[in-house]
**Q** 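Okay, here's the structure, questions in a sec.
Counting convention: from 1, in listed order, for ligands and their atoms alike. Here the structure is a predicted model, which means the values were calculated and not measured. The chain is numbered in sequence order, starting from 1.
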Amino acid sequence: MKYISTRGQSPALTFSEILLGGLAPDGGLYLPESYPQFNDADLTAMRGMNYRDLAFAVLSRLVDDIPAADLKIIIDKTYRADVYSFTRPGQNAEDITPTLKLEDNLYLLSLSNGPTLAFKDMAMQLLGNLFEYVLAKTGQTTNILGATSGDTGSAAEYAMRGKKGIRVFMLSPHKKMSRFQTAQMFSLQDDNIFNIAVKGVFDDCQDMVKAVSNDHAFKAAHHIGAVNSINWGRIIAQVVYYFKGYFAVTQSNQQKVSFAVPSGNFGNVCAGHIARMMGLPIDKLVVATNENDVLDEFFKTGVYRPRGSANTYHTSSPSMDISKASNFERFIYDLTGRDGEKVRELWSTVDNGGSFDLKANGYFDQVKDYGFVSGSSNHQNRLNTIRETQAKYGVTIDTHTADGLKVAQELRNPNVPMVVLETALPAKFEDAIVEALGTVPERPTVLNGLEDLPQRFDVMDFDAEAIKQYITEKTR
Ligand SMILES: *Cc1c(COP(=O)(O)O)cnc(C)c1O
């Protein structure tokens, strides 16, 4: 299995070769040369599997340059009940991503029972173990540099803490994350984790990361790595739970299931698309956005129009506040019949601040063949959905999941199971829950007092040279 770029001008590489990098040299994103296929007999065999065996069944078809026995060990060490332990009453942590039935044909898929209470743990924990394995094999080290507004940074740090050969340098906007998110990250005392609070906003942090990445000499000399949402290792980890969710709510492979996905960078729902391409009987993939509705606009009109950071809203579902959807190119590559030249042409406009319209050239008519539909929510919609879900089902959900559930309820076919991906637990976004329900959401007891733990971080000006100097000092 080789991986190729969506822009068609980079050499095909193996999984381990693309794992540590980001974009392909031609600026594209990696995808497998072809999607492995699961037929009816395969699905039947997978139906009864536990999460770890299911993950191996899926991932071993996408990763062929890590010996199967080693891959199995990595997976078994990643998906353990004691790592994904923040279950709701009645759920079994052994399921890793248990479902929660709200009513007939309406379910939540709990993806946020891991250490940082958001679905990003599902992929990042695997990445941590894969990185450690691949680095040990080649005797390399990596210094991961990232920017976060909250969820990505904490998931990355909890996945990489204490790992050999890996250091994490995470930039976050000083005093702009929630108290809980700040405490989660800054209370880590591991000496391979470096929290840097930048005097600025999230975009400033991202600009500093970009500036370092564009300094090719520095990047090479300091083995700078990334774990952002385009990382292929993250995507494949996310494919697994679509299978798990499908089997949990069906009795036979003849049934179809729809998934509703609170979306920002299109990473999570892209994994659903890949699961579908691999043969999972998915009916609809519901793309749910917040006020930053660049994806909803595309799936309704055929126009993809990234907004630019100045036109990005700060919402009560902050982990979906994006100006462009980094993984969207992967779907467009498939939509155009894997036409790298076409993708290059479309993104030459996008990369220069423009937009494209797929209505005129007929591509947009084919979007429905891939099952995509979309909708969006605003702050008031999310608060209402949180209140209704509490009143009707006795379940507290967070603002991101509320976005998914709101759109799912609008678009669902009552005869087809609808699985809403729960992308964060409410404890992570307390303020919005207090606003909606007037009460503080329950939090896992081990996290009580988190905000009182000693914090370890450095404050830095918005200055790319300063972060380079910092990395140089810390890695000497
Ligand atoms: C990252 C995140 C999302 C968006 O996921 P994408 O893969 O970027 O589409 C949604 N909800 C939460 C809680 C997140 O952390």
**Q** Nearest protein heavy atom to atom 8 (O) of ligand 1, by residue and atom, and its distance?
**A**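 For atom 8 (O) of ligand 1, the nearest protein heavy atom comes out as Asn265 N, 2.8 Å.
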
**Q** Looking at Arg88 and Glu422, is there a salt bridge between them, counting it only when a charged N and a carboxylate O are closer than 4.0 Å?
**A**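 A salt bridge links Glu422 with Arg88.
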
**Q** Answer with side chain, backbone, both or neither: which part of Asp151 has a heavy atom less than 4.0 angstrom from an atom of ligand 1?
**A**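 Only the side chain of Asp151 comes within reach of ligand 1.
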
**Q** Please report whether ligand 1 has a polar contact with Gly264, defined as an N or O pair separated by less than 3.5 Å (distance criterion only).
**A**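 In this structure, Gly264 places an N or O atom under 3.5 Å from an N or O of ligand 1.
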
**Q** For atom 5 (O) of ligand 1, grab the closest protein heavy atom and report residue, atom and distance to one decimal in Å.
**A**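 It is Phe119 CZ, 3.6 Å.
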
**Q** With only distance considered, is Gly267 within less than 3.5 Å of ligand 1 through an N or O on each side?
**A**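 Indeed, backbone or side chain, Gly267 has an N or O that close.
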
**Q** Are any of the side-chain heavy atoms of Phe429 and Pro426 separated by less than 4.5 Å?
**A**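 No - every pair of side-chain heavy atoms lies 4.5 Å or more apart.
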
**Q** Go through it in stages, so that I can follow the logic: the residues are Asp151 and Leu117, the test is side-chain contact (heavy atoms from CB on, under 4.5 Å), and I'd like the CA-CA distance, side-chain angles, deciding distance and then a yes or no.
**A** CA-CA 9 Å; Asp151 286 352; Leu117 317 192; over 6 Å; no

**Q** Working to the nearest 0.5 Å, report the span between CZ of Arg412 and OG of Ser258.
**A**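 Taking CZ in Arg412 and OG in Ser258, the distance rounds to 10.0 Å.
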
**Q** How far is atom 1 (C) of ligand 1 from its nearest protein heavy atom, and which residue and atom is that?
**A**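 Sorting protein heavy atoms by distance from atom 1 (C) of ligand 1 puts Lys120 NZ, 1.4 Å first.
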
**Q** Count the heavy atoms belonging to other residues, nucleotides or ligands that lie under 6.0 Å from NZ of Lys244, then report whether that count exceeds 12.
**A**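 Atom NZ in Lys244 is crowded, with more than 12 foreign heavy atoms closer than 6.0 Å.
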
**Q** Under 4.0 Å from a heavy atom of Pro262: which atoms of ligand 1 are those, numbered in the order shown and with their elements?
**A**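 In order of number, 4 (C), 10 (C).
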
**Q** Side-chain contact, heavy-atom cut-off 4.5 Å: Leu447 with Phe86?
**A**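 They are in side-chain contact.
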
**Q** For atom 7 (O) of ligand 1, what's the nearest protein heavy-atom neighbour? Residue, atom name and distance, please.
**A**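 Result for atom 7 (O) of ligand 1: Asn268 N, 2.9 Å.
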
**Q** Which heavy atom of the protein is the closest neighbour of atom 12 (C) of ligand 1, given with residue, atom name and distance?
**A**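 For atom 12 (C) of ligand 1, the nearest protein heavy atom is Thr423 OG1, 3.5 Å.
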
**Q** Heavy-atom distances under 4.0 Å are what count here, so tell me which part of Phe266 touches ligand 1: side chain, backbone, both or neither.
**A**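 Contact part for Phe266 vs ligand 1: backbone (N, CA, C, O).
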
**Q** Kindly state whether the ring of Tyr241 and the ring of Tyr51 have centres lying under 6.0 angstrom apart.
**A**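 No, the ring of Tyr241 stays outside the 6.0 Å limit from the ring of Tyr51, centre to centre.
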
**Q** Does the distance from a Lys or Arg side-chain N to an Asp or Glu carboxylate O, for Asp351 and Arg344, drop under 4.0 Å?
**A**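 Salt bridge: no.
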
**Q** Please work out whether any backbone atom (N, CA, C, O) or any side-chain heavy atom from C-beta onward of Lys428 is under 4.0 Å from ligand 1, and answer side chain, backbone, both or neither.
**A**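 The answer is neither; Lys428 stays 4.0 Å or more away.
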
**Q** Enumerate the atoms of ligand 1 whose separation from the nearest heavy atom of Ala424 is less than 4.0 angstrom.
**A**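 Selected atoms, number and element: 13 (C).
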
